[in-house]
Colleague: 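The structure under discussion is supplied below as structure tokens; questions concerning it will follow.
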Amino acid sequence: MSLLVVGSVALDTVRTPFGERQDALGGSATFASVAASFFTDVRLVGVIGDDFDPAHVELLRSHAIDLEGLERAPGRTFRWSGVYGHDLNERTTLDTQLNVFAAFDPRLPPRYAASEYVFLANVDPEVQLRVLEQIDRPRFVALDTMNFWIEGKPEPLRRILTRVDALLLNDSEARMLAGTGNLLRAAAAIRALGPQVLVIKRGEYGAVLFARDEVFSAPGFLLEEVFDPTGAGDTFAGGFMGYLAARGELSSAALRRAVIFGSALASFAVESFSVDRVHTLTHQEIAARFRAFQALTRFEDADLRGGR
Ligand code: AMP
């Protein structure tokens, strides 16, 4: 089944201890769509300005992403810039310029109304709501957001939370949204707002899934070189949702595998700036990393009575 993604398509300026890149292809919808394209057909809803490099559009096209929902508007493309210190889990946003997103009123191509799997990637929650309203009967809707919107648009965010099946966000955002420091309590408080499936991303330490009455914890993949963490969260979400849409099933086993595919894709994303590494991925590389995650967490049963 195909996956509809709405979110930002951006030009990112990023500085890490290892280098700097200006006006790189970024945005939540970009990272998520490219990642999901390894699993299923993707429809992208977003907006770009007249300064957007046609080569970036070609890159998206090369992943067979359906761009009928990508609008081109007069003005400048959404821009974000951030800087990372040696602790790559910590980033400082230097600037967020909404530009063409400020007036974006998404009009979905009519055939998108039948979309069953929907990922509302990080963007203004009012835009996310307007997209959701144009979809007839979605089967599984997941949402991502960030501190910028938790603080800036709390009411629309609360409204949309009542209408989604899943929420993905990082641990500091979960604490901010729930107003409590303990992750288990934060998870319970967030699920009480609507989403029954919750994935809390913990940067290099992995991710935790809360679904039904189960908790599943995926480790972070240990890499010798982490170059730029930008987009890791969106790439995770793209792998997670892309796998679920392809699988067409929402069992606990499928949700757990989706977390591992999301983690695998994200572990590639951080190896380079922008979508550079994920763009060149092969299915064999993804499968090998999936198995490496399995090996990382497999352990045998113990004779607990004997303590051995
Ligand atoms: P991540 O590292 O997965 O949290 O996402 C980074 C991406 O989010 C960058 O490519 C940015 O362009 C995009 N981004 C940053 N701030 C915002 C925002 N307020 N709304 C939408 N997208 C954003």
Side-chain angles (χ1 to χ4, degrees), residues 5-16 21-36 44-49 52 56 59-60 76-84 88-102 104 106 119-128 131 142-154 156-157 160 167-174 176 199-204 207 226-241 262-263 265-279:
V5 176
V6 56
S8 58
V9 178
L11 297 175
D12 288 346
T13 294
V14 178
R15 197 165 73 234
T16 79
R21 184 94 158 248
Q22 289 197 346
D23 287 346
L25 173 60
S28 55
T30 302
F31 285 109
S33 299
V34 172
L44 192 160
V45 175
V47 61
I48 52 177
F52 198 73
H56 295 330
L59 185 145
L60 296 170
R76 276 160 66 81
T77 299
F78 175 90
R79 275 178 167 72
W80 174 82
S81 86
V83 58
Y84 297 83
L88 292 167
N89 284 320
E90 291 283 320
R91 94 168 155 214
T92 307
T93 290
L94 299 176
D95 195 21
T96 303
Q97 297 175 16
L98 296 179
N99 297 334
V100 289
F101 261 105
F104 182 47
F119 178 48
L120 307 169
N122 178 29
V123 75
D124 186 333
E126 292 187 275
V127 169
Q128 294 173 322
V131 167
L143 176 90
D144 191 355
T145 192
M146 71 185 291
N147 47 6
F148 188 86
W149 305 113
I150 296 172
E151 288 169 325
K153 295 260 177 114
L157 185 59
I160 200 161
L167 174 69
L168 301 101
L169 79 182
N170 71 31
D171 46 3
S172 64
E173 291 157 355
M176 182 189 280
V199 179
I200 298 185
K201 298 166 286 177
R202 309 178 71 204
E204 65 175 306
V226 177
F227 198 77
D228 171 19
T230 306
D234 311 306
T235 304
F236 177 101
F240 178 85
M241 286 301 285
S263 305
L265 268 289
S267 72
F268 286 112
V270 301
E271 289 180 13
S272 73
F273 277 127
S274 183
V275 288
D276 291 1
R277 178 68 183 99
V278 175
H279 172 53

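Counting starts at 1 for both ligands and their atoms, in listed order. Atoms considered below: every heavy atom in the structure, side chains included; atoms not considered: hydrogens, waters and symmetry mates.
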Colleague: State which residues pass salt bridge (charged side-chain N to carboxylate O under 4.0 Å, His left out) with Glu90; sequence neighbours excluded, sorted by chain then number.
Modeller: none
Colleague: Between Phe104 and Phe101, what is the ring plane arrangement, given parallel below 30°, perpendicular above 60°, and tilted in between?
Modeller: perpendicular
Colleague: Protein residues near ligand 1, heavy-atom distance below 4.0 Å?
Modeller: Ser8, Ala10, Asp12, Gly26, Gly27, Phe31, Phe78, Trp80, Arg91, Asn122, Val123, Met146, Phe148, Trp149, Pro229, Thr230, Gly231, Ala232, Gly233, Asp234
Colleague: Any donor-acceptor pair under 3.5 Å linking the side chain of Asn147 with the backbone of Glu173?
Modeller: no
Colleague: Tell me, please, which residues at least two apart from Asp171 pass side-chain hydrogen bond (donor to acceptor under 3.5 Å, both in side chains).
Modeller: none
Colleague: Of all residues at least two apart in sequence or in a different chain, which pass the salt bridge (charged side-chain N to carboxylate O under 4.0 Å, His left out) check with Arg79?
Modeller: Asp23, Asp51
Colleague: Do Asp12 and Ser274 have side chains that approach each other closer than 4.5 Å (heavy atoms only, starting at C-beta)?
Modeller: no
